[in-house]
Amino acid sequence: MLEELKKEVLNANKELQTSNLVVLTWGNVSGRDPKSGLIVIKASGVEYGTMTEEDLVVVDPEGKIVEGDKHPSTDLETHLELYKNFKNVNGIVHTHSHFAVIWAQMKESIPCYGTTHVDYFPGPVPVTREMTKEEIEGEFEKNTGKVILETFQDIDPDVMRAVLVCNHGPFVWGKSASDALHNAIVLENVAKLDYFTKIGGDGSKLGVSQPLLKRHYDRKFGENAYYGQE
């Protein structure tokens with residue numbers, strides 16, 4: 001079942017470690033099959049170095065296990081909330097990558113300082129509000145997803161493909177698991193560049209102009225994008 005998707009999700013999970021986005025087992029990748037709606041996600045607490053397709057779990061959109069004999073990632077309910085509401089998203093990555101987590105712990109959006117940032121994220125990468133005691137003590141992972149959705153009430157998830165969960169870390173998505181991984185790698189590098197820019201720069205001079213922001217983002221993702229090969 002979903003053999004190609006399993007291979008993609010397995011490879012993306014392994015690349016979390018080789019891309020230095022995770023240590024130990026701190027992260028997960030899922031992928032959704034757009035035809036069936038079924039979701040493949042890594043099992044909870046599995047080491048990346050020894051992970052195989054047997055360590056993946058297939059669930060339906062409500063989280064019921066369809067295939068696999070392990071417990072799915074504890075972040076499954078967050079993934080499910082995003083898939084239910086972000087209709088064009090078919091891959092999600094969650095990590096505790098160092099610099100993205102620094103911004104999340106500072107409770108700050110990642111500011112937009114230059115073209116490296118706006119090539120993928122056309123504006124500050126948002127941070128969620130703090131979760132309430134009731135949200136934390138209730139359905140925590142599901143409520144994490146709901147807080148992300150609240151943050152995106154007026155933001156297009158097809159354009160801004162990442163968020164920082166306050167005090168926690170990043171969730172990043174894309175049109176596939178591989179695409180979401182790509183965006184997560186970009187996010188961590190942008191978070192690092194912007195962090196050092198902030199602590200080393202003159203705050204009154206920082207920022208990127210709207211025309212430059214638009215031009216750089218549109219080169220890759222605009223209606224008349226011309227970056228790369230056809």
Side-chain angles (χ1 to χ4, degrees), residues 13 16 21-32 39 41-46 57 59-65 71-112 117 120-121 123-174 177 180-181 183-184 186-188 190-192 194-195 198:
N13 272 288
L16 290 181
L21 294 182
V22 300
V23 296
L24 301 176
T25 61
W26 302 354
N28 44 74
V29 180
S30 70
R32 173 170 63 176
I39 295 155
I41 192 167
K42 75 177 281 285
S44 180
V46 176
V57 184
V59 301
D60 70 13
E62 301 304 316
K64 180 181 178 182
I65 294 177
H71 297 297
S73 167
T74 54
D75 293 304
L76 173 63
E77 289 293 335
T78 307
H79 289 239
L80 295 179
E81 284 298 305
L82 299 184
Y83 282 130
K84 287 174 186 176
N85 291 275
F86 294 170
K87 301 304 182 184
N88 295 322
V89 168
N90 289 309
I92 297 172
V93 170
H94 170 54
T95 74
H96 290 256
S97 59
H98 295 166
F99 284 90
V101 167
I102 287 172
W103 287 102
Q105 292 180 165
M106 294 194 297
K107 306 177 184 180
E108 293 186 28
S109 299
I110 302 176
C112 188
H117 181 123
Y120 282 85
F121 306 109
V125 177
V127 62
T128 68
R129 63 167 172 81
E130 291 185 71
M131 295 176 71
T132 66
K133 180 176 183 289
E134 292 73 22
E135 288 168 333
I136 293 167
E137 293 180 351
E139 296 179 288
F140 173 64
E141 290 80 13
K142 185 173 185 176
N143 289 334
T144 299
K146 289 185 178 298
V147 170
I148 294 173
L149 297 176
E150 178 186 310
T151 304
F152 274 73
Q153 283 181 340
D154 299 312
I155 302 174
D156 185 350
D158 293 337
V159 175
M160 180 58 67
R161 293 158 294 163
V163 68
L164 305 178
V165 175
C166 185
N167 297 125
H168 187 171
F171 280 82
V172 190
W173 47 85
L181 171 69
N183 294 335
V186 173
L187 178 71
E188 177 61 7
V190 163
K192 181 177 182 179
D194 289 341
Y195 175 75
K198 179 177 181 176

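- Considering every non-hydrogen atom in both Ile65 and Pro72, the closest pair reads CD1-CD, 4.0 Å.
- Pro170 has its side chain out of reach of Val165: every pair of non-hydrogen atoms, C-beta onward, lies at least 4.5 Å apart.
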Show the numbers, then the answer: is there a side chain to side chain contact (heavy atoms under 4.5 Å, CB included) between Lys64 and Val59? CA-CA 5 Å; Lys64 180 181 178 182; Val59 301; over 6 Å; no

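- The backbone N or O of Val29 lies less than 3.5 Å from a partner atom in the side chain of Asn13, making a donor-acceptor pair.
- Annotation for Ala180 and Gly174: closest pair CB-N, 3.7 Å, computed over non-hydrogen atoms.
- The main-chain N or O of Pro111 is found under 3.5 Å from a side-chain atom of His117 such that the two form a donor-acceptor pair.
- Panel note: side chain Asp194, backbone Ile110; no donor-acceptor pair is recorded below 3.5 Å.
- Remark: the His71 side chain and the Ser44 side chain contain no N/O donor-acceptor pair separated by less than 3.5 Å.
- Gln105 places no side-chain N or O within donor-acceptor distance of the main-chain N or O of His168, the cut-off being under 3.5 Å.
- Remark: Lys133 engages Glu137 in a salt bridge, criterion side-chain N to carboxylate O under 4.0 Å.
- Inter-residue side-chain proximity for Val127 and Glu108 is flagged as unmet; no heavy-atom pair is nearer than 4.5 Å.
- Residues Glu188 and Ser97 approach most closely at OE1-OG, 2.8 Å, considering heavy atoms.
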Tell me, with the steps shown, if Thr144 and Met131 meet side chain to side chain contact (heavy atoms under 4.5 Å, CB included). CA-CA 8 Å; Thr144 299; Met131 295 176 71; 3.7 Å; yes

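- In this structure, the side chain of Asn143 does not engage the main chain of Lys146 through any donor-acceptor pair within 3.5 Å.
- Here the CZ-CG distance, from Arg32 to Asn90, works out to 5.0 Å after rounding to the nearest 0.5 Å.
- Side-chain contact check for Leu16 versus Asn28: every heavy-atom pair is 4.5 Å or farther apart.
- Looking at heavy atoms from C-beta onward, Arg161 lies in side-chain contact with Tyr120 at the 4.5 angstrom threshold.
- A 4.5 Å side-chain heavy-atom check between Ile148 and Phe171 finds at least one atom pair inside the cut-off.
- Atom CD1 of residue Ile102 and atom CG of residue Leu164 lie 11.5 Å apart, to the nearest 0.5 angstrom.
- In this structure, Glu130 CD and Ile136 CD1 are separated by 8.0 Å, a value rounded to the nearest 0.5 Å.
- Panel note: side chain Trp26, backbone Thr95; no donor-acceptor pair is recorded below 3.5 Å.
- Of all heavy-atom pairs between Ala162 and Val125, the closest is O-CG1, 3.8 Å.
- Side-chain atoms of Thr78 come within 3.5 Å of backbone N or O of Glu141 as a donor-acceptor pair.
- In this structure, the side chain of Glu135 engages the main chain of Thr132 through a donor-acceptor pair within 3.5 Å.
- Panel note: side chain Thr128, backbone Cys166; a donor-acceptor pair is recorded below 3.5 Å.
- From Glu62, atom CD reaches atom CD of Glu77 across 9.0 Å, with rounding to the nearest 0.5 Å.
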Evaluate side chain to side chain contact (heavy atoms under 4.5 Å, CB included) for Val186 paired with Phe121, printing each intermediate quantity in order. CA-CA 9 Å; Val186 173; Phe121 306 109; 3.9 Å; yes

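- Shortest non-hydrogen contact noted between Pro61 and Lys84 is O-CE, 3.2 Å.
- Between Trp173 and Met160, every side-chain heavy-atom pair lies at or beyond the 4.5 Å cut-off.
- No side-chain heavy atom of Phe86 sits under 4.5 Å from any side-chain heavy atom of Ile92.
- The aromatic ring centres of His94 and His96 sit less than 6.0 Å apart.
- Between Pro126 and Ile155, the closest side-chain pair of non-hydrogen atoms falls below 4.5 Å.
- The distance from atom OG of Ser30 to atom NZ of Lys42, rounded to the nearest 0.5 Å, is 11.5 Å.
- Lys107 contributes no side-chain N or O that, together with a main-chain N or O of Ala104, makes up a donor-acceptor pair within less than 3.5 Å.
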Might you work through the side chain to side chain contact (heavy atoms under 4.5 Å, CB included) test for Val163 and Phe152, ending with a clear yes or no? CA-CA 9 Å; Val163 68; Phe152 274 73; 3.7 Å; yes

